[in-house]
Amino acid sequence: MITLIKGFHDILPDQSSKWAFIISKARNCLERFGFREIITPIMEKTELFQRGIGQATDIVEKEMYTFTDISGDSLSLRPEATAGILRSVVEHSLLRHEPVLKLFSIGPMFRRERPSKGRFRQFFQINAEVLGDNSPLTDAETILAATSIVHAIGAKDCSVEINSVGCRDCRNTYKHELRKFLKPSLDHLCPDCQRRFETNPLRILDCKESACIAVCKNAPLIGEWLDADCRDHFGQVKKALESIGVNFRVEPRLVRGLDYYSRTAFELVHSELGRSKAVGGGGRYDSLIGELGGPDISGIGFGIGIERLAMNLEDQGHSFQKEIDVFMAIIGEKARASCFELANQLRKNGLSVDARYSDMSLKAQMKLADRLEAQWVVMVGENELAQGQATIRNMKTKEQFLVTLDEIEQRVRGEKS
RNA sequence: GAGGGCGUAGCUCAGUUGGCAGAGUACAGGGUUGUGGCCCCUGCGGCCGUGGGUUCGAGUCCCACCGCUCUCCCCA
């Protein structure tokens, strides 16, 4: 037997309706906020991610599915959505046409991590980006859009954590301060953090090792080192969030794993999963668009993990099963051809109809109709056939009528609310 | 990358000191000549993860490997 790739998963029919539910709610929500869908490839040139996400990040360093194409190009499965979306926007000059773009995208991402609960090597993400608008109101509205999706789906116990990681300038001065503070205790840090000291000292604050937590206890926080503009921006984001009723918590140590974030960074945190397995996250990026060859403007975006949303719905007893209007029960071989035509005539007229053309007892067909949650069963056997009629049974009330074939549709529709 | 747990029917799992491979559920048929859910009966269903070792005899004990799963790191 050939099995799945480790860390990948199938979405089986009994789960797929739940996924459709989540995706349609998300799409609906984002369109209400003015986002339009963009669909980009799941593979890009490796260079795009190296330039966009940052060479030194965990994702690019060791988590990408990268291979060499026959042409000699290095290609990678996308580990996140933003880089590909921006590549497309720049390549097609969409920002020349419209100074502000609001885009969303839904699809699979790939990261070669060790799988665990709620973490997969292929996972689906809902992604949204606002490009070309650096108002703090946009930050707040984008965060609201993200929380609206979570709420629309009915996932509970989700809270918003935000922070400002400053712009490149204040982050550099802060990095300097942080290194100065950490240097004497460098030996006490975990090996990972000793490495991060050079590559990305901000991440040390986020480390879960008790030794590192102890060292960082009195470390300076980025909030204290923001320049006037960044401080003002952050203040206005918080004010705007309050004005539209978004509950949030400022998490001064929140630092995200992607290099490109500046100013606002946020995560949607589920109480049980904690920040190490956020339901969603995002932030503002000041230089990414320019970095990829576009105009020197700012953007803000977020990603929400569909698997993690789906996990939140597990125990809430939603029913996503779709009912059908009619199950066609065929009694005896002679009725089969007429039923085949009738079933497809009803479909043509807009009803959802199912039928089985292999030999089945009526009892088995009734059982199947029940399982499929058919509202009506249309039964045709020799008796009905001879008179051009059908027996129709309302599965809820158990009422049964003998009707002409022409009457079926109106009868079924009549009972639909 | 480091560390736990688990691999027996399609699914969820029992399996005693080593002695014929089990239950529930699902599926199929019947109880009802052409009528669903509840009930009853019957049937189908197995390389006991793979390979080796110990033994008269291994699902059970030993070793190795493979797979899955969870935790940590990190992210969605």
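Since this is a predicted model, take the numbers as computed values, not measurements. A, B, ... follow the sequence lines: proteins, then strands. Residue 1 opens every chain.
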Footprint string (nucleotides 30-38 of chain B, 5' to 3'): B base within contact, S backbone only, - free, heavy atoms under 4.0 Å: -B--BBBB-

Would you mind classifying the nucleic acid contact of [X] as base, sugar-phosphate or nothing, using non-hydrogen atoms under 4.0 angstrom?
X: A:Phe124; answer: nothing
X: A:Ala329; answer: nothing
X: A:Glu113; answer: base
X: A:Gly118; answer: base

Distance, C1' atom - from B:rC11 to B:rC68, rounded to whole angstrom: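 Between the two C1' atoms, the distance is 16 Å.
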
P atoms of B:rU16 and B:rU8, separation to the nearest Å: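 About 16 Å, rounded to a whole number of Å.
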
For the CG atom of A:Asp10 and the CD atom of A:Gln122, what is their distance to the nearest 0.5 Å?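 Rounded to the nearest 0.5 Å, the CG-CD separation comes out at 9.5 Å.
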
What's the [atom1]-[atom2] distance between [X] and [N], to the nearest Å?
X: A:Leu4; N: B:rC68; atom1: CG; atom2: P; answer: 9 Å
X: A:Met64; N: B:rC74; atom1: CE; atom2: C1'; answer: 16 Å
X: A:Leu12; N: B:rA26; atom1: CG; atom2: P; answer: 19 Å
X: A:Ile5; N: B:rC66; atom1: CD1; atom2: C1'; answer: 17 Å
X: A:Asp14; N: B:rC27; atom1: CG; atom2: C1'; answer: 16 Å
X: A:Arg119; N: B:rC68; atom1: CZ; atom2: C1'; answer: 16 Å
X: A:Lys277; N: B:rU69; atom1: NZ; atom2: P; answer: 12 Å

Between A:Lys102 and A:Phe104, is NZ or CZ placed under 6.0 angstrom from the six-membered ring centre and within 45° of the ring axis?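 A:Lys102 over A:Phe104 ring: no.
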
Ignoring backbone atoms, test whether A:Ser116 places a side-chain nitrogen or oxygen under 4.0 Å from the OP1 or OP2 oxygen of B:rU71. yes

So among A:Asp286, A:Asp133, A:Thr138, which one has a side-chain hydrogen bond (donor to acceptor under 3.5 Å, both in side chains) with A:Ser298?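 Passing option: A:Asp286.
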
Crowded around A:Gln387 CD? As in, over 12 foreign heavy atoms under 6.0 Å?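 Yes, enclosed.
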
Assess whether one donor atom and one acceptor atom, taken from the side chain of A:Arg114 and the base of B:rC72, lie less than 3.5 Å apart.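 By the distance-only test, no, there is no pair.
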
Using 4.0 Å as the upper bound for N to carboxylate O, is an ion pair formed by [Y] and [X]?
X: A:Arg284; Y: A:Asp139; answer: yes
X: A:Glu47; Y: A:Arg51; answer: yes
X: A:Glu333; Y: A:Arg336; answer: no

A:Glu161: partners by side-chain hydrogen bond (donor to acceptor under 3.5 Å, both in side chains), with sequence neighbours left out: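 Here the qualifying residues are A:Arg249, A:Arg275.
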
Base-pair map of RNA chain B as dot-bracket, where | denotes pairing with a different strand and pairs are Watson-Crick or G-U under 3.5 Å: (((((((..((((.....[..)))).(((((.......))))).....(((((..]....))))))))))))....

According to the interplanar angle, ranging from 0 to 90°, do the rings of A:Tyr65 and A:Phe110 count as parallel (below 30°), tilted (30 to 60°) or perpendicular (above 60°)?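 It falls in the perpendicular class, over 60°.
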
